[in-house]
Amino acid sequence: MNNWVLGRAGEDLAETLISEKGYEILERGFRCPAGEIDIICTDGSTMHFVEVKTRSSRRCGLPEEAVDGRKQLHMRRAAVWYINAEHPKENRFSFDVVSVTCEHLKGVF
């Protein structure tokens, strides 16, 4: 499975998880000149900007560890762009990470 397919599968799983928790998905794959945000959703009072990180193993660390300062800066800039363009009713914002590891653990027991 190539990285694009793995990433897309992780985003599909993340969207399902977020929806099952009762969040309303507003955007998926939001792109603007300032950057991109995988999922934008709301729980009614807070808008959530979600980065989805998917890995096929933990060999290179946990997926969430890849959300470094550079990625956070790009997400913040894209979020400001979105807020200025859409004027959401929510006045609280959260930056979230959904971490997905798709790993086959052989011979566990």
Side-chain angles (χ1 to χ4, degrees):
M1 180 179 305
N2 69 40
N3 287 342
W4 187 87
V5 172
L6 182 65
R8 182 70 180 185
E11 289 179 14
D12 290 344
L13 286 169
E15 183 176 10
T16 299
L17 172 73
I18 290 167
S19 295
E20 286 177 352
K21 289 185 171 197
Y23 292 70
E24 177 187 356
I25 306 294
L26 303 174
E27 299 273 350
R28 181 164 167 189
F30 173 76
R31 295 185 196 291
C32 68
E36 67 177 276
I37 300 173
D38 293 328
I39 298 173
I40 301 173
C41 58
T42 182
D43 63 7
S45 63
T46 302
M47 179 168 287
H48 298 263
F49 299 97
V50 182
E51 175 68 12
V52 180
K53 285 295 179 188
T54 307
R55 297 288 182 266
S56 59
S57 75
R58 296 181 205 155
R59 195 176 36 221
C60 295
L62 297 172
E64 62 269 23
E65 293 172 340
V67 185
D68 58 11
R70 183 174 159 268
K71 180 60 182 173
Q72 292 171 25
L73 177 62
H74 287 283
M75 284 185 69
R76 283 193 294 270
R77 288 179 177 165
V80 168
W81 184 282
Y82 182 84
I83 291 164
N84 288 334
E86 298 298 324
H87 309 291
K89 66 182 185 320
E90 296 85 2
N91 59 9
R92 293 189 312 187
F93 305 97
S94 177
F95 291 89
D96 306 347
V97 176
V98 173
S99 174
V100 180
T101 304
C102 303
E103 191 169 8
H104 178 187
L105 304 173
K106 297 178 185 177
V108 175
F109 57 94

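Starting from 1, each residue takes its place in the sequence as its number.
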*Heavy-atom closest contact (E36 atom, A78 atom, distance)*: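 Shortest heavy-atom separation between E36 and A78 comes out as N-CB, 4.0 Å.
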*Specify the closest pair of heavy atoms between H74 and R70, including all atoms of both residues, with the distance to one decimal.*
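Residues H74 and R70, closest heavy atoms: CD2-O, 2.9 Å.
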[Y] side chain reached by [X] side chain, heavy atoms, under 4.5 Å:
| X | Y | result |
| --- | --- | --- |
| T54 | P63 | no |
| E90 | T46 | no |
| V50 | D96 | yes |

At what distance, to the nearest 0.5 angstrom, does [atom1] of [X] lie from [atom2] of [Y]?
| X | Y | atom1 | atom2 | answer |
| --- | --- | --- | --- | --- |
| Q72 | E51 | CD | CD | 10.0 Å |
| E15 | E20 | CD | CD | 11.0 Å |
| I37 | R77 | CD1 | CZ | 13.0 Å |
| I83 | H87 | CD1 | NE2 | 11.0 Å |
| K89 | T42 | NZ | OG1 | 5.0 Å |

*From the options F93, Y23, F95, Y82, select the one residue that forms a ring-ring contact (aromatic ring centres under 6.0 Å, His included) with H48.*
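In the set F93, Y23, F95, Y82, the residue that makes a ring-ring contact (aromatic ring centres under 6.0 Å, His included) with H48 is Y23.
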Quick check on the hydrophobic clustering: are [X] and [Y] connected, directly or via other members, by side-chain heavy-atom contacts under 4.5 Å?
| X | Y | answer |
| --- | --- | --- |
| V67 | V52 | no |
| V97 | M75 | no |
| I39 | M47 | no |
| F49 | W81 | yes |
| F30 | I18 | no |

